[in-house]
2 protein chains.
Amino acid sequence: MIDEIDRRILMILQDNARTSNADIARAVAMAPSAVLERVRKLERKGVITGYEARIDPSKVELDLTAFTFVKTDEPVGAIDTGQQLAGVPGVQEVHYVAGTAAYLIKVRAPDTRSLADLLKVIGRLSTVRDTNTTVVLQTVKETGALPLGALPQPGE
Amino acid sequence: MIDEIDRRILMILQDNARTSNADIARAVAMAPSAVLERVRKLERKGVITGYEARIDPSKVELDLTAFTFVKTDEPVGAIDTGQQLAGVPGVQEVHYVAGTAAYLIKVRAPDTRSLADLLKVIGRLSTVRDTNTTVVLQTVKETGALPLGALPQPGE
DNA sequence: CCTGAAATTCGAGGCTT
DNA sequence: AAGCCTCGAATTTCAGG
């Protein structure tokens, strides 16, 4: 379904979504229009789901990152609460995780006061039992790029 | 430093990094070249740090997402271990978090076996004391887009 | 996957504040 | 100096073969 050339195109676009077709074409030794055709097909197949500009949070007054475990009352399998959490401004990610029915969410806020407000909004949702927040002090690495190349070897 | 037009441009590019200058120009009622000039300046100032293509993990055999707390021995303030963690293939994010000297990392793998391999590699790092992994069962929302618009209001 | 025409990019240069 | 505009050659993108 996805051949070696597609993988190389995906790696290039993950690294820089604005790489020109001409440059990609040179890298994979094809005509620019053929590259474009492959990219469009990858988009249609849902392999590429979009293109995002990455913004430095500190440059737009969003210095606070936090991860919050949200425990809920809802029946196992339902993700109603998840949808509600996803709709709260400042919530970047919502993952349903193993263990006690809970979500792990990633949150951005300008400061601790805003974070408190955000957690208050979440705490008010009817199915939310409690929350447990871990504040990030420093982010060493942060990328959406998937490991399309080599994965770690067991080693032994 | 960043005016209202810049904010609108950033919002558009966060949503779709490949939006043409012509389209952005229409949206903000300016000439395309002026938009380009602003984008270049935002890049130079470090506000825009890059452009990433988003790929559906399930379409490239990466169905497993996990968050792992990594406790270390290293002195407070050092992020040496963090750099090492960032270099492990499959590790997307590395955050130094409050509490006991620990990192929270986000990890991608094709399956549980690969995840185990990855955790084995991490466990072998000399400064790593132990790890605690939470596996994601379902991802409801996942975006790198920052909340540039409205943030949640306290409400009361 | 390649060729050719319409749309877009993005630099140069000029105008206004 | 800073910001926007118009203009035109290089590039991107789409239709068709």
Side-chain angles (χ1 to χ4, degrees), chain A residues 1-63 110 143-146 148-149, chain B residues 1-62 143-150:
Chain A
M1 213 67 165
I2 289 178
D3 65 10
E4 192 49 45
I5 294 178
D6 283 339
R7 284 175 62 87
R8 290 175 64 188
I9 293 176
L10 289 175
M11 284 198 271
I12 292 168
L13 287 177
Q14 268 199 150
D15 185 59
N16 179 6
R18 288 207 142 181
T19 307
S20 72
N21 287 324
D23 283 347
I24 300 174
R26 269 184 283 277
V28 301
M30 285 209 305
S33 58
V35 172
L36 181 64
E37 204 174 317
R38 277 171 177 270
V39 171
R40 291 284 180 264
K41 188 173 267 182
L42 288 168
E43 290 169 354
R44 255 184 287 115
K45 286 198 289 187
V47 179
I48 296 174
T49 58
Y51 305 93
E52 288 183 355
R54 275 224 164 254
I55 295 173
D56 183 339
S58 69
K59 298 284 169 61
V60 290
E61 273 80 56
L62 286 167
D63 295 281
T143 179
L146 301 175
L148 297 181
Chain B
M1 214 66 165
I2 289 178
D3 65 11
E4 192 50 45
I5 293 179
D6 283 339
R7 284 174 62 89
R8 289 175 64 188
I9 292 175
L10 289 175
M11 285 197 271
I12 291 169
L13 287 177
Q14 270 199 149
D15 185 59
N16 180 5
R18 288 207 141 182
T19 307
S20 72
N21 287 325
D23 282 347
I24 299 173
R26 273 184 279 276
V28 301
M30 284 208 306
S33 58
V35 171
L36 180 65
E37 204 175 318
R38 277 171 177 269
V39 171
R40 291 283 180 264
K41 187 172 271 184
L42 288 168
E43 290 169 353
R44 256 184 287 114
K45 285 198 288 187
V47 179
I48 295 174
T49 57
Y51 304 93
E52 287 183 356
R54 275 226 164 253
I55 295 173
D56 183 340
S58 70
K59 298 284 170 62
V60 290
E61 273 80 55
L62 286 167
T143 179
L146 301 175
L148 297 181

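Numbers restart at 1 for each chain; the letters A, B, ... are given by sequence-line order, proteins then strands.
For the atom pair CG (B/Asp15) and OG1 (B/Thr143), the distance works out to 8.5 Å, reported to the nearest 0.5 Å. Distance check, rounded to the nearest 0.5 Å: CG of B/Leu10 to NZ of A/Lys59 gives 11.5 Å. Expressed to the nearest 0.5 Å, how far CD1 of A/Ile48 lies from NZ of A/Lys41 amounts to 13.0 Å.
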*Please walk me through it: do B/Ile55 and A/Leu148 pass side chain to side chain contact (heavy atoms under 4.5 Å, CB included)?*
CA-CA 10 Å; B/Ile55 295 173; A/Leu148 297 181; 4.0 Å; yes
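By the side-chain hydrogen bond (donor to acceptor under 3.5 Å, both in side chains) test, B/Arg54 pairs with A/Glu52, sequence neighbours left out. Qualifying side chain to side chain contact (heavy atoms under 4.5 Å, CB included) partners for B/Ala34, counting only residues two or more places apart in sequence or in other chains: B/Met30. Residues passing the side-chain hydrogen bond (donor to acceptor under 3.5 Å, both in side chains) test with A/Gln14: none are found, sequence neighbours excluded. Under the side-chain hydrogen bond (donor to acceptor under 3.5 Å, both in side chains) criterion, B/Asn21 pairs with no residue at all, not counting sequence neighbours. Contacts of A/Ser58 classified as side-chain hydrogen bond (donor to acceptor under 3.5 Å, both in side chains), with partners at least two apart in sequence or in another chain: A/Asp56.
Between B/Asp3 and A/Asp23, the residue anchored closer to the 5' end of DNA chain D is B/Asp3, taking for each the nucleotide with the nearest heavy atom.
Along DNA chain D, read 5' to 3', the first and last nucleotides having any atom under 4.0 Å from a heavy atom of chain A are D/dT12 to D/dC14. On the nucleic acid side, DNA chain C contacts chain A at distances under 4.0 Å to non-hydrogen atoms, with the end points of that region at C/dC1 to C/dT3.
Here the shortest heavy-atom pairing between B/Val35 and B/Ala25 reads CG2-CA, 3.6 Å. Minimum interatomic distance between A/Ala17 and B/Ala53 (heavy atoms only, all atoms of both residues): CB-N, 3.6 Å. What you find for B/Arg18 and A/Val39 is that their closest heavy atoms are NH1-CG1, 4.4 Å. Scanning all heavy atoms of the two residues, the minimum distance from A/Pro57 to B/Leu146 falls at CA-CD1, 3.7 Å.
DNA chain D is contacted by B/Met30, B/Ala31 of residues 24-32 of chain B, taking any non-hydrogen atom closer than 4.0 Å. Interface residues of residues 40-48 of chain A facing DNA chain C, ordered by number: none; criterion, heavy-atom separation under 4.0 Å. Listed in residue order, the members of residues 10-21 of chain A having a heavy atom less than 4.0 Å from DNA chain C come to none.
At least one side-chain heavy atom of B/Arg38 sits under 4.5 Å from a side-chain heavy atom of B/Asp3. Looking only at side-chain heavy atoms (C-beta outward), B/Leu13 and B/Ile24 come within less than 4.5 Å of each other.
Using a distance-only test at 3.5 Å, with no hydrogens or angles considered, no donor-acceptor pair links the side chain of B/Lys45 to the main chain of B/Ile2.
The side-chain hydrogen bond (donor to acceptor under 3.5 Å, both in side chains) contacts involving residues 25-37 of chain A comprise A/Asp23-A/Arg26, where partners must be two or more places apart or lie in separate chains.
With axes fitted over five pairs at each extremity, the angle between the ends of the helix from C/dC1-D/dG17 to C/dT17-D/dA1 is 20° (10° resolution).
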